[in-house]
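Have a look at the structure below, then the notes.
All of these numbers come straight from a predicted model, not from anything done at the bench.
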Amino acid sequence: MGSILIFGAIVALLAAFIIVPLAGGKGNHKEDGAAGPLAMVPALIAVFIIGTAAVAAYYYIGNIDRNPLSLWPVLLVAAGLGTLFSHGREQKAKAVLFAGALLLAAYIFSAPLFNAEKKHETAGMAEETEIAAFDETQTPASVPPKFARNKMKKAFGQVPDTSYYELGRLQVQKVDGQFVYIAPVEFSGFFKWWNADSTPGYFTMSATDASANPKFIKAEMIYTPSSYFNKNIERHMRLQNPEAVFYGDSQLEVDDSGKPFYIRTYGDFISGRNGFDAKGIVAVDPASGKTEAYTLKDIPAFMDGAVSPESVSLENSYYGNYVHGFWNSKFGKKDVKLPSDEGTEANVSPIFDAEGEMYYFTDFTSPKEGVDSMLGYSLTNARTGESTYFTGDMEDSYMDSQGNLQIIEKQFIEKQWSGEMPVLYNFYGEASWLTPVLDSNGFLQNYFIVSAANPEISVHAATPNEALQLYKTALQRGGSSVDGSSNAEEATASGTVERVFKEKNGDFTVVSFLLQNGTNFIVSSENVPLAIYLAEGDRVEITYLKTGDLFLPVKEMSIAGIGE
């Protein structure tokens, strides 16, 4: 607080000399002479005191960075008043200063008109065709945040002095090798903060297992988003880093031992005081208030979401809208692509790759109304801010996230269920939407998978793994390939059929069979039409994919004595 008062005093002193006339007016018959000090000093002191209080309150309450350009309103007001109150040559000089302040204000307000190309360049993404196939031995972080939040609220009785607190912002991260949701316990109002002074801890819950229960972790926190005055976490960060340009809310990160830290992303303006380019984070120990700043390349290993979802959403907007500048984004809209607003955190959805690295997912669609075709999708590394834009297979037209949610709504129209947190994965070489389905009360009911290129191919099941197994069969039944299954090498086998099970599914038959060596296989009659004649005791030669599943998918099959 002391530094803000000093800053306010310096600014107010300069403003006082601009506002208060330093030369005698016409009424003194000394238009160009120096005014007497006795006439000037009281006015300077009054403006200085009022100005110090006003500037300090402006920066403290607004929690504004103290960069030089942030002073443009002060300069504009001071120069305007100085021009109004002064006379003669002094008035002319201050009028020039006022004109300069107007030009500075015009520059700041017009910056979005001229920095669009720079924004697009700053948000530049590497481009690829398709994301690598998802490893079916891994489980996506697929528990929707709304469901996790509901379960945490029901477990709130674990919190001591429950009436003082409420559940804070939810975010997903990796803690000690596990994907979990973290939600801090926050104060429920000013008087609760005044009486309690600190919060007791945070909740954690699995992001991959919907049957898991939330756990309350004790960890006293004094500096929090719901604290007041200098104990408010964002104001504390500002006081410790007065010139930093922050973007996005503060969020809780937990190290592998369970110790919490609040972090917030800082960066630079693109031009003027407009736009944002992430450069690093400020981290605070909420128990002691100790503050550290890190560049993006130096952040601690346990911090997954160094780049705030708000800044990623902003850069997605830059990349999609400003491909040909500002005016094209408003009128012609050539090559413009709009980022989706279906994400779970500031219009983006956090997901993890097979190595446990966190990314923000966003799909892009056409600005034309009534079009649900996806133009591409992006993945942004949550630690480094580096982004990749995937165009998808140009021969296919992919359905966007909104179209996916509409299919789910129609599928469960009688039950009034809806999808949340749609994410595009590459399952078995097929671009596919995986979406948790919730009932009207926010409880998880099942998981829905649909092909982005072939929406008629869809399945739903109680767990992601069950849905994946059904989806593999549905892809074979629908004629799609499972060649892209990650880590799935082709192999051949031969042997005698010991057991056969056939299931009619639409226009085709799905055949499951067991060889005498104990290996199970599955094949659709659409891929191998003669499979409908398979019987126990037949000798077969097959080409299959080594997916590691109980039933291995068959690509090609020949039956001895049939079709030869």
**Request:** Could you please spell out the steps behind the ring-ring contact (aromatic ring centres under 6.0 Å, His included) verdict for F7 and Y59?
**Result:** CA-CA 10 Å; F7 178 78; Y59 279 89; 5.1 Å; yes
Less than 3.5 Å apart, any donor N or O on the side chain of [X] or [Y] sitting next to an acceptor on the other?
X	Y	result
N404	T435	yes
E220	S198	yes
N316	T362	yes
E342	S401	no
S397	S373	yes
S329	N321	no
N230	Y60	yes

Using atom types as modelled and distance alone, determine if a side-chain donor or acceptor of [X] lies under 3.5 Å from a backbone N or O of [Y].
X	Y	value
S227	I222	yes
T52	F48	yes
R235	P225	no
E409	S418	no
S110	A106	yes
Q173	M303	no
T291	G289	yes
T365	S340	no
S70	R66	no
Q158	F216	yes

Test L69 against L104 for side chain to side chain contact (heavy atoms under 4.5 Å, CB included), laying out the working first. CA-CA 9 Å; L69 279 181; L104 179 60; 3.6 Å; yes
Inter-residue atom distance [X].[atom1] - [Y].[atom2], 0.5 Å rounding:
X	Y	atom1	atom2	value
I263	I281	CD1	CD1	4.5 Å
L338	K368	CG	NZ	13.5 Å
N347	E345	CG	CD	11.0 Å
W433	L405	CH2	CG	8.5 Å
N328	K330	CG	NZ	11.5 Å
K92	H87	NZ	NE2	13.5 Å

With [X], which residues qualify under salt bridge (Lys or Arg N to Asp or Glu O under 4.0 Å), at least two apart?
X	value
K94	E90
D285	K259
R238	none
R149	none

List the atom of [X], the atom of [Y], and the distance in Å for their closest heavy-atom pair.
X	Y	value
V348	P309	CG2-CB, 3.6 Å
F203	P214	CD2-CB, 4.1 Å
P300	R383	O-NH1, 2.9 Å
Y318	A123	CB-CB, 3.9 Å
G305	E253	N-OE2, 2.9 Å

pair [X]-[Y]: side-chain heavy atoms closer than 4.5 Å:
X	Y	answer
M125	T388	no
L14	V74	no
M152	Y181	yes
D197	K231	yes
F261	D255	yes
L76	L102	yes
K174	V180	no
L375	D400	no

task = For side chain to side chain contact (heavy atoms under 4.5 Å, CB included), just list the numbers for D249 and S308, CA-CA rounded to whole Å, side-chain angles, deciding distance to a tenth of an Å, and then say yes or no.
result = CA-CA 7 Å; D249 296 329; S308 67; over 6 Å; no
query = Would you call the rings of F187 and Y165 parallel, tilted or perpendicular if under 30° counts as parallel and over 60° as perpendicular?
reply =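 The rings of F187 and Y165 sit tilted, inter-plane angle from 30° to 60°.
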**Prompt:** What orientation do Y377 and F361 show, parallel under 30°, tilted 30 to 60°, or perpendicular over 60°?
**Reply:**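 Taking F361 first and then Y377, their aromatic rings sit tilted (interplane angle of 30° to 60°).
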| said: Tell me if the centroids of the rings in Y262 and Y223 come within less than 6.0 Å of each other. | reply: no
query: Are the aromatic rings of F191 and W194 close, with centres under 6.0 Å apart?
result: no
Test side-chain hydrogen bond (donor to acceptor under 3.5 Å, both in side chains), reference T380, set S313, S311, S387, output is S387
Side chain to side chain contact (heavy atoms under 4.5 Å, CB included) test vs Y322 passes for just one of K119, K118, E117, E121, namely K119
Residues, nucleotides or ligands: over 12 heavy atoms within 6.0 Å of F190 CZ:
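Check passes, neighbour count above 12.
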Quick note, ring-ring contact (aromatic ring centres under 6.0 Å, His included) partners involving residues 102-128, not counting sequence neighbours, are W72-F109, H120-Y319
Salt bridge (charged side-chain N to carboxylate O under 4.0 Å, His left out) pairs touching residues 297-323, sequence neighbours excluded, are R169-E310
- Query: Do the charged groups of D161 and K192 touch, with an N to O distance under 4.0 Å?
  - Reply: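 Here D161 does not pair with K192 in a salt bridge, since their nearest N and O are not under 4.0 Å apart.
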### Query
So, are D335 and K337 salt-bridged, with charged N and O less than 4.0 Å apart?
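Looking at D335 and K337, the cut-off is not met.
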Report task. Determine, step by step, whether E357 and F352 satisfy the side chain to side chain contact (heavy atoms under 4.5 Å, CB included) criterion, reporting the C-alpha distance in whole Å, the side-chain angles of both residues, the deciding distance to 0.1 Å, and the verdict. Result -> CA-CA 5 Å; E357 194 81 6; F352 292 87; over 6 Å; no
- Check the pair S349, Y360 against side chain to side chain contact (heavy atoms under 4.5 Å, CB included), reporting the backbone distance first and the verdict last. CA-CA 5 Å; S349 293; Y360 292 114; over 6 Å; no
